[in-house]
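Okay, structure first, notes after.
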Amino acid sequence: MISVRNLVPAALAVTLAFAATVALAQDSYPSRPVKLIVPFSAGGSTDLVARQIAQEMTVRTGQPFVVDNKPGAGSTIGADFVAKSPADGYTLLLGTISSHATAVSLYPKLPYDPLKDFAPITEITAIPNLIVTSPQNAKLAKAESLDDLVKIAKAQPGALTYASSGSGSSNHLATEQLKAAAGISLTHIPYKGSGPALKDVAAGHVDLMLDVVLSSLPQVKAGRLKALGITSLKRSALLPDVPTVAEQGYPGFEVLGWYGLFAPAGTPSGVLGRLHMEFTAVLRSEKMRATLESQGGPVIASTPTEFSGLIRSEITRWKKVVEQSGAKPD
Ligand code: GLU
């Protein structure tokens with residue numbers, strides 16, 4: 001006969017067996033390839049950061065970390081895909097300001113909640129932007145500084161175009177913030193990532209762009225782009241001759257493009273712990289530190305709590321920029 005007294009040990013046995021299976025699953029994680037979703041096009045900054053890290057994670061864990069680009073709608077398509085993927089550690093997101101801090105204020109019907117639908121793992125790095133234009137660009141041929149650019153823009157309101165990684169991308173909103181601060185009007189041309197956007201700026205199809213040092217610096221060094229300013233409070237040792245936006249008349253103007261890793265909410269804590277351990281070990285390696293520093297950003301490798309604190313404060317900060325600039329999804 002089954003009595004309540006017998007049921008308790010039976011239930012306990014089931015619970016223990018379940019716990020053992022979960023522990024086993026976490027011990028053996030990852031046991032198959034892990035997808036790292038990049039919500040922007042190939043060749044842009046998010047893609048480059050992801051590929052560098054995925055390669056090292058593949059070596060460390062013995063399982064392929066495969067980058068999968070799902071661009072569109074200012075990173076919200078790729079982020080939504082991850083939000084709705086199984087919370088098993090096999091689909092992760094390389095998220096940015098766009099997916100996690102600006103989209104919620106810019107898009108009236110965002111299909112995911114940046115805080116509730118994700119488990120933040122770690123912030124990777126934060127990189128300033130360069131204001132770039134092509135040295136061949138006829139409209140901006142005389143622009144050698146931000147002040148020159150502002151004068152040219154004021155002479156023909158709306159005539160200059162600027163590229164971005166999409167509506168709500170950090171480079172879209174950073175430019176909107178600059179437009180508001182300088183009192184100028186520029187026309188927004190959204191792309192699906194800084195890869196294709198920068199190509200069009202270098203070719204002169206679009207007049208200018210703000211893009212993180214990581215992706216824009218190689219083009220500046222190659223002479224395909226010229227830099228009129230940097231959006232950090234101090235000049236970068238990588239480009240000591242490029243003045244900050246702050247020192248060119250906009251005190252305090254600072255926009256860093258940050259990058260971080262996320263899993264879907266509900267991912268088992270053992271899997272999240274393993275991911276945090278492996279990702280931060282990769283980030284703190286001498287190789288990655290040297291790579292990221294040469295690309296304009298320090299290694300951050302924060303805890304999930306620190307990272308979610310950043311996201312919360314960035315959501316508040318960018319909400320104000322969206323309200324003050326009147327930026328809209330284009
Ligand atoms: N810094 C850009 C953003 O977060 C990344 C864009 C890209 O990869 O194109 O919006």
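Just follow the structure's listing: the first ligand is 1, and inside any ligand the first atom is 1. What's counted below: heavy atoms across the whole structure, side chains too, no hydrogens, waters or symmetry copies.
More than 12 heavy-atom neighbours from other residues, nucleotides or ligands sit within 6.0 angstrom of CD on Glu323.
Inter-residue side-chain proximity for Thr244 and Leu233 is flagged as unmet; no heavy-atom pair is nearer than 4.5 Å. Under the 4.5 Å side-chain criterion, counting only non-hydrogen atoms from C-beta, Leu198 is in contact with Val132.
The nearest pair of heavy atoms linking Val220 to Ala227 is CG2-CB, 4.4 Å. When all heavy atoms of Asn129 and Val255 are compared, the pair lying nearest together is ND2-O, 3.1 Å. For the residue pair Ser98 and Gly74, the shortest heavy atom distance occurs at CB-O, 3.5 Å.
The Gly193 neighbourhood of ligand 1 comprises atoms 9 (O), with distances under 4.0 Å to a heavy atom of that residue. Within ligand 1, counting atoms from 1 as listed, the ones closer than 4.0 Å to a heavy atom of Ser45 are 5 (C), 6 (C), 7 (C), 8 (O). The contact set between ligand 1 and Ser169, taken as ligand atoms under 4.0 Å from a residue heavy atom, comprises 10 (O).
Distances from ligand 1 to the non-hydrogen atoms of Gly257 include no value under 4.0 Å. Heavy-atom separations between Tyr259 and ligand 1 include at least one value shorter than 4.0 Å.
The nearest protein atom to atom 10 (O) of ligand 1, hydrogens excluded, is given as Ser98 OG, 2.5 Å; this is a heavy-atom distance. Counting only heavy atoms of the protein, atom 4 (O) of ligand 1 lies nearest to Thr96 OG1, 2.8 Å. Nearest protein heavy-atom neighbour of atom 1 (N) of ligand 1: Ser170 OG, 2.9 Å. The protein atom (non-hydrogen) at minimum distance from atom 8 (O) of ligand 1 is Thr46 OG1, 2.6 Å.
The N/O atoms of Ser165, backbone and side chain alike, include one that comes under 3.5 Å of an N/O atom in ligand 1.
Checked options Thr267, Leu92, Ile311; the residue passing with Phe262 is Ile311 (criterion: side-chain contact (heavy atoms from CB on, under 4.5 Å)).
Considering each of Ala42, Gly95, Ser194, Ala103, the one bringing a non-hydrogen atom nearest atom 9 (O) of ligand 1 is Ser194.
Taking the six-membered ring where the residue is Trp, the centroids of Tyr191 and Phe40 are separated by 6.0 Å or more.
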